[in-house]
Amino acid sequence: MKSTSNELTLPKKSKCNLAGKRIKRNLICVYLIMLAIGLSILLFHWSLINTAFSQLSSSGLNSSSSKNAVRINISNPSQVIHEMVGKYITINASLNYLKSNKSPGNSTIDGIAYISIVDVKDTIPVDLEDWSVEKGLYIPSISPGQSLPLEWNVRLVKAGSYTISVLFNENRNPFSSPIVSSRISLEVSPKLNLNPGNVLPVAFGVPAFLIGVLGTLNYLRGRKTGIYR
């Protein structure tokens, strides 16, 4: 009887050992999964910190660069221009390179200043081919503390509501965003056409011709009858 009891208890112990090993394996897998998740979270936060640091460092460099020291101001006396189609207007602006302690005195820059006209209704920039001959003005050199006047002659082609701004791209930073001035509004009214379809010559010419012919016939008839001597 004792031998049979021992034989019965041995399989139970082996089953317990197998179950314990399985539990240990499962715990190890869980620990490994948790470790992998923790490492991924740690790497993700580390990448965010590096990105934020690089952005801060780049913004710090940009703040010390000459780009932030350049200003464009539109010097037109009125912020809203009212004119008719076919007229010419002049857009005056000034490009200012402000002095900074971080920029040396001989750190000149060059670039292109250009005008931008945006249709308010369609929210798209207009094609300046017919509006202005001088779309872009090349600035060969400007020094810190210097101010350059800019001028564009604009022909008003189409009636509507527009905004005008002036932009500047620095040549040594060709892929950077341009410096933009404040906007002014432009209201273009349609041109008053007093001769639509060129009908005025016909409208006034035909009656004048008939009056002249009738007057001549009347005069000749009066000469014959003795009324006009």
In the single-linkage hydrophobic clustering (I, L, V, M, F, W, Y; side-chain heavy atoms under 4.5 Å), do Tyr97 and Ile112 co-cluster?
no
Check the pair Tyr88 / Trp131 against ring-ring contact (aromatic ring centres under 6.0 Å, His included), numbers first and verdict last.
CA-CA 9 Å; Tyr88 282 87; Trp131 290 71; over 10 Å; no
Using atom types as modelled and distance alone, determine if a side-chain donor or acceptor of Ser181 lies under 3.5 Å from a backbone N or O of Val166.
yes
For the residue pair Val80 and Glu187, what are the closest heavy atoms and their distance?
CG1-CG, 4.3 Å
Output, in order, the C-alpha distance, side-chain angles, deciding distance and verdict of side-chain contact (heavy atoms from CB on, under 4.5 Å) for Ile81 and Ile184.
CA-CA 8 Å; Ile81 301 175; Ile184 62 174; 3.9 Å; yes
What is the minimum heavy-atom distance between Ala159 and Pro190, and which atoms define it?
CB-N, 3.8 Å
Which atom of Leu95 lies closest to which atom of Phe168, heavy atoms considered:
CD2-CE1, 3.8 Å
Closest non-hydrogen atoms of Ile72 and Ile179, given as atom of the first, atom of the second and distance, are CD1-O, 3.8 Å
So, Thr90 versus Asn153: side-chain donor-acceptor pair below 3.5 Å or not?
yes
Mind listing the closest non-hydrogen atom pair of Ile74 and Ser182 along with its distance?
CD1-O, 3.3 Å
Do Asn92 and Asn76 meet the criterion of a side-chain donor-acceptor pair at a distance under 3.5 Å?
no
Going through the distances and angles, do Asp110 and Ile142 end up as a side-chain contact (heavy atoms from CB on, under 4.5 Å)?
CA-CA 6 Å; Asp110 62 332; Ile142 181 171; over 6 Å; no
Could you tell me whether the side chain of Asn96 and the main chain of Ser147 form a donor-acceptor pair under 3.5 Å?
no
So how far is it from Ser94 OG to Gln146 CD, rounded to the nearest 0.5 Å?
12.0 Å
Excluding sequence neighbours, so at least two apart, what forms side chain to side chain contact (heavy atoms under 4.5 Å, CB included) with Ser116?
Val118, Ser165, Leu167
